[in-house]
Structures are given as C-alpha cells and as structure tokens.
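For reference, the structure is listed below as structure tokens.
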There are 2 protein chains.
Amino acid sequence: MTEPSPPQSSPRQPQSRRDRYRTETRDEAKRIALDQLATGGQAALSLNAIARELGMTGPALYRYFAGRDELLTALIVDAYDDLGTTLTRAVADAAPDGPDEQIRALGRTMRAWALAQPHRYLLLFGTPFSGYHAPDAALEAAQASIGSVMEAMVDIESRRGRPVAPPSLFEQQLERAPWIPEELHGAIPGAVLADVLLTWTRLHGLIGLEVNGQFATMGFDPALLLERELDDIVGPG
Amino acid sequence: MTEPSPPQSSPRQPQSRRDRYRTETRDEAKRIALDQLATGGQAALSLNAIARELGMTGPALYRYFAGRDELLTALIVDAYDDLGTTLTRAVADAAPDGPDEQIRALGRTMRAWALAQPHRYLLLFGTPFSGYHAPDAALEAAQASIGSVMEAMVDIESRRGRPVAPPSLFEQQLERAPWIPEELHGAIPGAVLADVLLTWTRLHGLIGLEVNGQFATMGFDPALLLERELDDIVGPG
DNA sequence: TCGCTTCCGTTAGAGCCTCTAACTTCAGAG
DNA sequence: CTCTGAAGTTAGAGGCTCTAACGGAAGCGA
C-alpha cells in the first residue's frame, strides 16, 4: 500500500503532439529528480545531472524548467497532491468503521506514506529551501491538499460526541479563521477545530521525528508509539 | 529570553597562544556560518564566502574545517548543546512550581528557542543533509542533549499521579530500551516513558510546523495552540 | 506544397562553489 | 638562534546554475 504515484502534470485538455512530448519529458525529469533526492538528499538534486541522464546537455533542460527552483516547486506541488488524495481516500475508505477508525486510518496512512518516501515528506515538511520556499503554486497546492484533509477531519470530529461548553478565546479565534469558508463561521465549534489541529500536529511530530531518524537508536517500535498516540487522540480527547 | 548563545568550542584546558587564536577564528567562522544560514537558508552556507568575510582566501579555511560537512557538524553539535542546556535549565528553574508547570515551561522554552533561531532548530530537526547527516559527533551530542531533557521529563512524569496497570507490550519494550541506564531497567514504568516520548513528539509537531510556516496563513495564534496542547498533556494524561 | 515561426537542442562561457596541490612566510618550541 | 610546522597564499581541476547565441526540425497557415 501507499506506493508512490508517478508524477503527472494536471492539465489534460488540448494536448497536441508537441505538448504531449513536452509533458512527457517534464515528467521523466521529475522522476529522475525524485530518484536523486531519494538517494543523495536535496544537495544531490542537479539539473545538469538530470539532463545527462535524459541524454541531453545541461542547458536543454532549461527549456522545460525555468531553473532549479521551479523543478523543486513542481515536485512539491506533486507531493502535496499525492499526499492529499492518499489521505482523503484512506479516510473515506474507513468511513464504514466510524470516526475513530477513520482517525486511526489517517495516522497510519500518513506514516506509511512518509516512510515509503521520506524525501517527499521532507520536501513538504522538512527544512524549506529553494532560497525562500513557498512560491504561490506551492502555497496553493498546500492549501488545497491539506485543506481537504482538514475538511475530512472536521467531519470526523464533528461526529464524535463532545461536551458543549462556551468557546474559549482561542476557540473563537479558530471559528472565524480565514481558512474556514465564510458561511461556516461559527457553525463548526472551536473545540472541534482545535482537536483537528492538534491531531495534525501530533501526527507530524511523531512521523517527522521518525523520518529524521531520531528514534533510530532508541530501541522501540515507532509504529507502537503511533498506536498509543492514536489511542490517546481517539480516546478521551 | 532564550537568546542564542555564542558558539564556543568545548575543551578549555591547555590553551597556548596559537591554540587560542585557532579556536577564536573557528568560532568566528561558525558565527558567520550561522548568519548565512539564518538569512539564506542552508544553500547559502559557503566556506568560500565565510573566508571572504573573515578576510582570507577560500582554501585558508580548510586549515580550520576539513570541509563543509565538518563545519555543519560543528554547528549541529553546538545547537544540540545549547538546546539541551536551555531546556534542562528551564525545567530546573520551574521545579518549585511543581511537575505540571515544569512541563509547561519545557514546551514554552522549546518553542521560544526554536522561533528565536529557526535555522538552528531546522539544523537539528529539519531535513538532514550534508550527504548523509549523522556523523558520530552529532549523534553523541544529540544523545547527551536530548538524553538530559528526557531524564528531566522522566523525573517530572514520575512525580505526577498515575494509575498503575500491567504494562503493555510496548511499555515493556520501553522499560528495557537501550537508552535507559541498565540499572534502571524495570524501575521506570513504561507508561511514564511513553508519556515522555509523546510529550516530546507533540511539542515537535507543533513547533516544527510553526517554524516551517505551515500556520502562517491560518489566522490563529500558535502560542495558544501550544497552550492548549500543554493543557492536554498536563491534564488527563 | 512552400515558407514562416516556434520550439528544441546544441556549444560557449561567466561566475559561483568545493576541495587539492604546491608554494611562501612567519611564529614559537627547543 | 635555528628550524619545524602551522597558517596563509596562488593555481587549478571539476562541478554546479544559468545566459547567450546559434542551427535544425517540426508544425502551421497560405
């Protein structure tokens, strides 16, 4: 499960012969780039080397990517898309088992995705680079991808029992946050939103540290730590 | 609070005139390196540029550092040391206020440390690089630094009330983990260790995402999210 | 079918980087 | 006071990103 999906560019409308060839080599370049990232880390990512592997000279690749940063951005966008659809699918598939199991599915799937391709996880949640990260394209992809996951989580959390209480200041802040659709302001309890955010951060804490090898010498099974965290998330709240 | 401590090399035993000058320029180089990291990200770290700023030619710096990686390792070791002492001090200072407040102090101090110098936090917990990260020196520093924090946390958690129950398999695994001193195997309840680990991962999840700017457009105050997480950590357990 | 345009690839090269080799120079140990 | 070794120098190999200028070929309209 959770095997990497091949890179593919989104717009598939009017593809002339030329266009098709173009996106083909773009995808091929991205595939090689991911290989480089996987084996050598981000320092090993080199347009020159990719071109060589594609059988062309270095500068030729600049017909396909404006530069290193744009290639990187493309990889980031792809990764966000892939992670987003993977997670929302996993959550949807677990729907019959109820909200608790959906949360567990989310956590397990996310961990599996990250461990299967740590370089991609780090691309999204590791050290930002490319000068200053976050061109608009990446930001949009992030919002779309994570947004849909958040939406699913809000849905799940809403279906779990929860004592009602007057919202704290922080919760009020959340209820009218800009990433919540205007018309839902106030409709989703801040407590639900807070739980969603904390679930998200907790999962990243666990997975991030594991991906970075911080558990390597600690002699326990990170999967079990995740299970325990999931118990806690699902349990009392 | 939590302002960066200047880099300083550890051994202060027999410093001849020459040696002193040597460690001085080493420290100076590290200071400049941190500046570069802070402003340009890890791609901007350049021995050549450091040398220029020091008023010497590029190759001269190789008398002080075997290469880029060694400089990087030195920075990592320093950062581990600094973080470790900062956190243990904060926890110790809060001792009079009881275990709960100590946990809160830990979380707040860690966040402050990370936000005050994100590049250093990312050096430790962001994407590993330098070919393959983790030379022995860095590993040792990590163990020492994080180990002392863990120790403090174990101490805190042990002083908090907690229902006793037969340890799960995972907890048994933890009780005899290699990073626990031999003679304490079995003495520290696995449940305590699990809580310590989860506190650690939760804090990193929150702080890591914030440092990477993932909360930037979400319109809430991350400090309040941390407070809520701390409530949860301290609260029911 | 012809010709024009646009894209794709090339070489050349500037400017940055890391790192090695071989030299000078100078300070401090003996 | 000598002489060894550390700290600096220049030269240069080989890598990278990216720009400029040019040749060929594929697709397009007429």
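Nothing here was measured: the structure is a model prediction, and the numbers come from that model. Residue numbers start from 1 in every chain, and the chains themselves are labelled A, B, ... in the order their sequence lines are given, proteins ahead of strands. No hydrogens, no waters, no symmetry mates; every other heavy atom, side chains included, goes into these values.
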Partner of A/Leu226 by side chain to side chain contact (heavy atoms under 4.5 Å, CB included), out of A/Asp221, A/Ile207, A/Leu203: A/Leu203
5' precedence on DNA chain C between A/Tyr64 and B/Ala49 (nearest-nucleotide basis): A/Tyr64
Length of the line joining A/Leu45:CG and D/dT17:P, which is rounded to integer Å: 8 Å
Sugar-phosphate, base or nothing in reach of A/Ser46, heavy atoms under 4.0 Å: sugar-phosphate
B/Leu47 side-chain proximity, nearest of C/dG9, C/dT18, D/dG8: C/dT18
Candidates D/dC16, D/dA20, D/dT9 - which lies nearest the side chain of A/Asn48: D/dC16
Given D/dC18, C/dT10, C/dG9, the nucleotide with the shortest approach to the side chain of A/Thr57: C/dT10
Which nucleotide in C/dA22, C/dG9, D/dG5 has an atom nearest any side-chain atom of B/Arg18: D/dG5
Closest nucleotide among C/dC17, C/dG9, C/dC8 to the A/Arg22 side chain: C/dC8
Distance in angstrom units between A/Met56 CE and C/dC8 P, rounded: 10 Å
Pair B/Glu70 + B/Arg26: basic N to acidic O under 4.0 Å: yes
Side chain to side chain contact (heavy atoms under 4.5 Å, CB included) against A/Ala92, all qualifying residues, sequence neighbours excluded: none
B/Tyr62 side chain near C/dC17 phosphate (N/O to OP1/OP2, under 4.0 Å): no
Side chain of B/Arg52 - closest among D/dC22, C/dC16, D/dC16: C/dC16
Sugar-phosphate only, base, or nothing, as touched by A/Tyr21 at under 4.0 Å among non-hydrogen atoms: sugar-phosphate
Sugar-phosphate only, base, or nothing, as touched by B/Arg68 at under 4.0 Å among non-hydrogen atoms: sugar-phosphate
Main-chain N/O of B/Leu198 paired to A/Glu229 side chain as donor or acceptor, under 3.5 Å: no
C/dG28 base / B/Arg17 side chain donor-acceptor hit below 3.5 Å: no
